[in-house]
Amino acid sequence: MTESAPDDCKGTDIDPFSDEFLNDPFPFLAELRGLGEVFYLRKCQAWGVARHTQVTAVLQNPDVFSNAAGVGYSNLKKEEPWRAPSIILEVDPPVHTTTRGILTRILSPRALRELRERFAAEAALLADRLVDAETFDAVTDLAQAYILKVFPDSLGLPPNNRENLLTYGGITFDSLGPRNPRFEAAMNRAEQIREWVGENCARRALTPGGFGAKIFEAADTGEVSEDEAALLVRSFLTAGVDTTVSALGFAIRRFAEHPDQWDMLRQDPSLARSAFDEVVRIDSPVTGFFRTTTKETVLGTTTIPADHKVMVLFSGANRDPDRWDEPDRFDITRRTSGHTGFGAGIHGCAGQMVARLETEALLTALAQRVSHWELAGAPTIALNNTLRALESLPVRAHQDAAHRAAPATV
Ligand code: QZP
């Protein structure tokens, strides 16, 4: 398909899936915002929005900007998808309304209350180990170790081979991009993991009391079929690991770079929650997703024809100076409501309360033990078509003297 650039908005050759963009998207995002309310990405043959007003407007209008053709570059209705489409993410109402209702129930603040203590206990254990080690990799030893413990535990997954979740997440997020080398490499890894994922979404794999078992209870009452329940469990496997691992990695990097913010958190641990949202705003683990127009629509002064992809750059909205005061400044006391790091509207992140509980517990435990962070090497970025994350973050955690002395007094 060749598409000539429209004449009612600016076109650009910026490629949001290039190495240059993925390594440091923020200068490119500023350029994209500068192009106008809507622009045309020639390399993607898709329209795009990167300002807060338009990103939010698109996300709030799912009748026109549909998810049913997928949230990635390729149109799932025209191209064979590599996996069965998600029945929560890659659908519109009314199908979405049913599945979302089930997840909202299972992931409500009330249903999550009992997790708080478990997360706090795991966070304390890990934080103790980390300050003992003193020097470690905050991506593998902290973010991955913690999330691969608490999240699959909450889901009810068996303890073995959990690192497969990182592989599966990486594949899925790469698969949302165009058929570049990252996409192809992901497809080459997909086959070896397919069986493991299928087995771990099955009723028999899931222990009682977890999110997984609760989804299968919805199959027992006939709200969804048995196969649909397994697909909803798969959504947890896909969406609940790499995302929070990414945010935690960025959080530690931010605190290592901004010791004043770490001091503030130590003095007032109730800031842990807003600190996490500020990280999700400023570092935006998910750069953006696509929508597909269901009919010709006018956005600003641009007419977008029916059945075309529009790229919605969450990370652009999250650094928009028209929406945020000093958007590039990390400030854990900032009022972050309205950030689009979790998306917005009917598809806004269903697991965001779990993510907040997990990260709040770990940041709080670390704040009690670590006086300050020191970078012990250069952080590296993991290049992925859709998920921004650090690959490694060598740090030294300086132990708080008061905390070190404390056990001797008991
Ligand atoms: C949501 C699914 C975690 C999100 C950023 C994206 C996401 C990915 C997959 C699914 C849902 O498979 O349902």
Side-chain angles (χ1 to χ4, degrees), residues 16 55 59 62 67-74 76 81-92 95-104 106-107 143 147 151-152 155 164-177 186 190 193-194 197-198 200-201 211-212 215 218 224 227-248 250 276-277 279-281 283-291 311-315 317-318 339-356 358-359 382 384-389:
V55 165
L59 296 175
N67 276 32
V71 297
Y73 172 92
S74 71
L76 297 188
W82 71 283
R83 60 170 206 168
S86 162
I87 60 169
I88 178 86
L89 181 68
E90 294 159 335
V91 289
D92 293 327
V95 179
H96 173 265
T97 316
T98 306
T99 49
R100 179 71 188 213
I102 295 166
L103 293 202
T104 300
I106 293 172
L107 297 169
I147 296 299
F151 187 76
L155 194 52
N164 283 343
L165 294 170
L166 294 168
T167 310
Y168 184 60
I171 292 169
T172 310
F173 287 107
D174 268 336
S175 78
L176 297 172
I193 203 105
R194 213 182 272 279
V197 172
N200 282 277
C201 295
F211 299 138
I215 290 170
V224 286
D227 288 349
E228 288 169 336
L231 277 175
L232 283 178
V233 174
R234 194 193 65 179
S235 290
F236 279 71
L237 300 187
T238 320
V241 179
D242 302 60
T243 46
T244 31
V245 167
S246 163
L248 275 173
F250 284 129
F276 172 67
D277 270 275
V279 172
V280 175
R281 180 194 70 83
D283 287 317
S284 300
V286 179
T287 295
F289 278 156
F290 289 84
R291 296 292 191 259
M311 190 176 194
V312 185
L313 287 146
F314 306 152
S315 52
N318 280 338
H339 79 69
T340 55
F342 289 123
I346 66 166
H347 290 284
C349 178
Q352 58 186 285
M353 295 310 291
V354 185
R356 289 199 183 97
E358 289 170 331
T359 53
N384 180 286
N385 279 337
T386 306
L387 190 82
R388 253 172 62 70

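When a ligand or atom number is given, it counts from 1 through the structure's own listing order. In this text, all values refer to a predicted model and were calculated from it rather than measured experimentally.
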Arg83: heavy atom below 4.0 Å from ligand 1, yes or no? yes

Closest protein heavy atom (residue, atom, distance) for atom 3 (C) of ligand 1: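 Looking only at protein heavy atoms, the one closest to atom 3 (C) of ligand 1 is Ala239 CB, 3.2 Å.
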
For atom 10 (C) of ligand 1, what's the nearest protein heavy-atom neighbour? Residue, atom name and distance, please. Leu89 CD2, 3.7 Å

Any idea how Phe236 and Phe211 line up, ring-wise: parallel (<30°), tilted (30 to 60°), or perpendicular (>60°)? tilted

Are Tyr73 and Leu176 close enough that some pair of their side-chain heavy atoms sits under 4.5 Å apart? no

Numbering the atoms of ligand 1 from 1, which are under 4.0 Å from a heavy atom of [X]?
X      : value
Phe289 : 5 (C), 6 (C)
Ser86  : 2 (C), 12 (O), 13 (O)
Thr238 : 9 (C), 12 (O)
Ile88  : 13 (O)
Thr243 : 3 (C)
Val286 : 5 (C)
Ser235 : 2 (C), 12 (O), 13 (O)

Nearest 0.5 Å, please: how far is [atom2] in [Y] from [atom1] in [X]?
X      : Y      : atom1 : atom2 : result
His96  : Ile346 : NE2   : CD1   : 5.0 Å
His347 : Asp92  : NE2   : CG    : 5.5 Å
Leu107 : Ile102 : CG    : CD1   : 11.5 Å

For side-chain hydrogen bond (donor to acceptor under 3.5 Å, both in side chains), just list the numbers for Tyr168 and Arg83, CA-CA rounded to whole Å, side-chain angles, deciding distance to a tenth of an Å, and then say yes or no. CA-CA 11 Å; Tyr168 184 60; Arg83 60 170 206 168; 2.9 Å; yes

Residues Thr386 and Gly177: closest non-hydrogen pair is OG1-N, 4.3 Å

